[in-house]
Number of protein chains: 2
Amino acid sequence: MNSNKYRKIYQDLSGKIINGEYKEGAQLPSENLLVQSYGVSRETVRKALSLLQTNGYIQKLKGKGSIVIYNQAMNFPVSQLISFEEIKHSLNMDYNTVVESFETVRAKDHKSVQEALNLGDDTELYRVVRSRRDKERVNIIDTDYFIKSMMPGLNEEIAQHSIYDYIEKRLGLLISYSKKAITFEPMTDDDLELFKETMPPYAAVVRSVVHLEDASAFQYNVSKHRASEFKFVDFSRRTIRK
Amino acid sequence: MNSNKYRKIYQDLSGKIINGEYKEGAQLPSENLLVQSYGVSRETVRKALSLLQTNGYIQKLKGKGSIVIYNQAMNFPVSQLISFEEIKHSLNMDYNTVVESFETVRAKDHKSVQEALNLGDDTELYRVVRSRRDKERVNIIDTDYFIKSMMPGLNEEIAQHSIYDYIEKRLGLLISYSKKAITFEPMTDDDLELFKETMPPYAAVVRSVVHLEDASAFQYNVSKHRASEFKFVDFSRRTIRK
DNA sequence: GAGTGGTCTAGACCACTAA
DNA sequence: TAGTGGTCTAGACCACTCG
């Protein structure tokens, strides 16, 4: 359906990098060759390559070419906006999601959420608490707040699978960007109960405000991780200097 | 010296957003207006706007315009590749840097560094340990490893100020991107001594491998933060779907 | 000098939003 | 319908790398 030429090129090349067809350190075909093989203009090829560079797949070298810098080990909870289901899937992890709580609350009773999503006092929210566990224990506790009126038909069943899938495929909403903050905090009593452990008493906490394509804030997420298991991997580029 | 048109537009607009001339929620002039006021082609304006969007300053809305989503509160240790001196400067922080150690070591004695930078056994490295303290106490301990042969003239004096400044201005090297990982770990005895505290015995640890414009890895950094003071703020966009 | 990526242009056509 | 951003093109000129 989506027939953007540059996206197809991006998909094609990033796919070949991920599956190892182009390995780390390898050189991509030159822009001119790509122009020929895809039958598009140079600017279109360059758009795809820019995206690959922005997302940490390649580095473009003036006068030389584009080389692959993507590295399999990096591909963990990367600093990208992906859902837990997607991470699980891409890593073949054997995690189990349990919906611990699914309730309707009012914005005024959750001030940080109200502020972040810019809501009136009586706006109704879904508050969904989900634990993520492997065979042995709970490693992550996700608490999500959604604006109820934006999420018709959301239920526990859906929450147990992928809410993002429901949002994008069924509601047709486009998730666009998020602002997140990572901190390390002592566990609360509730946390200790869910994690079923008293040590270590610290959790890595990721708070995110997720926005749609039209820039409206629609989700507030608090993701608590067993601190000893937490690893956040990030790729960042130097901003424009001077 | 650098007369890229799109960079100037980016600088100009991001500056106006940061200093509040365009506030959060405000609309930027349309692309056509920017074309006229800057006297450039539309693609050039669009390049600048794309950069602003990628870096979390604006969101472009089809059929409507570009609105500012940048938010002052976000502007903390952002997920950008900036040096401590730059953060300090942009936040007007009163931090003090002390060089705790400045020595030459061999790669083979620091395996994780050797592997990350892809070095031979006997490659010489500078190992620089710096503490960052406010009036009361040490909050950050930075340990950096640089390839000695790439850093002629690096000394303690420079380390006390900004090594990045030295690298970019004096050596003329272009820092390009980094891969970093954030974890939560027990403090070592050395850490406890520098932090001068026995509680909390945990530190937030950020390990980075920094690369130059030509994709060569040249710096390995371990930055330990007092966990209670640690906050990592991130902006991320949804990757291309499907 | 041949090949590479970086910047910039002028213009086209499209899809979306709003009044 | 007028205005907005999204995609794509063909071509120009430049700076850089390498043999």
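All values derive from a computational prediction rather than experimental measurement. In what follows, chains are A, B, ... by sequence order, proteins preceding strands, each numbered from 1.
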Original post:
Reckon A:Leu61 touches a base, only the sugar-phosphate, or nothing at all at heavy-atom distances under 4.0 Å?
Top reply: sugar-phosphate
Atom pairs, N/O to N/O, protein against nucleotides 15-18 of chain C, distance under 3.5 Å?
{"unit_1": "C:dA18", "atom_1": "OP1", "unit_2": "B:Lys64", "atom_2": "NZ", "d": "3.4"}

Original post:
Can you list the residues that meet the salt bridge (Lys or Arg N to Asp or Glu O under 4.0 Å) rule with A:Lys62, with sequence neighbours excluded?
Top reply: none
**OP:** Return the residues of residues 31-39 of chain B meeting this criterion: a heavy atom under 4.0 Å from some atom of DNA chain D. Order them by number, or give none.
**Re:** B:Glu31, B:Asn32
Subject >> Residues that A:Lys169 engages under salt bridge (Lys or Arg N to Asp or Glu O under 4.0 Å), provided they are two or more places apart >> reply: A:Asp165
Original post:
Within a radius of less than 6.0 Å around CG of B:Asn118, do more than 12 heavy atoms belonging to other residues, nucleotides or ligands occur?
Top reply: no
Subject >> chain A contact limits on DNA chain D, taken 5' to 3' with a cut-off of 4.0 angstrom to heavy atoms >> reply: D:dT7 to D:dC18
Original post:
Got a sec, which residues hit salt bridge (Lys or Arg N to Asp or Glu O under 4.0 Å) with A:Lys64, two or more places apart in sequence or on another chain?
Top reply: none
Original post:
Does A:Ser30 put a side-chain nitrogen or oxygen below 4.0 Å from OP1 or OP2 of C:dG3?
Top reply: no
Result block: side-chain N/O donor-acceptor pairs under 3.5 angstrom for residues 147-156 of chain B, not counting sequence neighbours:
{"unit_1": "B:Lys148", "atom_1": "NZ", "unit_2": "B:Thr104", "atom_2": "OG1", "d": "3.2"}
{"unit_1": "B:Asn155", "atom_1": "OD1", "unit_2": "B:Glu157", "atom_2": "N", "d": "3.1"}
{"unit_1": "B:Asn155", "atom_1": "OD1", "unit_2": "B:Ile158", "atom_2": "N", "d": "2.8"}

Original post:
Is there any salt bridge (Lys or Arg N to Asp or Glu O under 4.0 Å) pair reaching into residues 43-57 of chain B, and which pairs are they, with sequence neighbours excluded?
Top reply: B:Glu31-B:Arg46
Subject >> Partners meeting side-chain contact (heavy atoms from CB on, under 4.5 Å) with B:Ala215 (sequence neighbours left out) >> reply: A:Gln59, A:Ile67, A:Ile69, B:Tyr177
Subject >> Test side-chain hydrogen bond (donor to acceptor under 3.5 Å, both in side chains) applied to B:Asp109 - qualifying residues, sequence neighbours left out >> reply: none
**OP:** Sequence neighbours left out, what passes ring-ring contact (aromatic ring centres under 6.0 Å, His included) with B:Tyr126? Give chain and number order.
**Re:** B:Phe102
Original post:
Considering residues at least two apart in sequence or located in another chain, which fulfil the side-chain hydrogen bond (donor to acceptor under 3.5 Å, both in side chains) criterion with A:Ser30?
Top reply: none
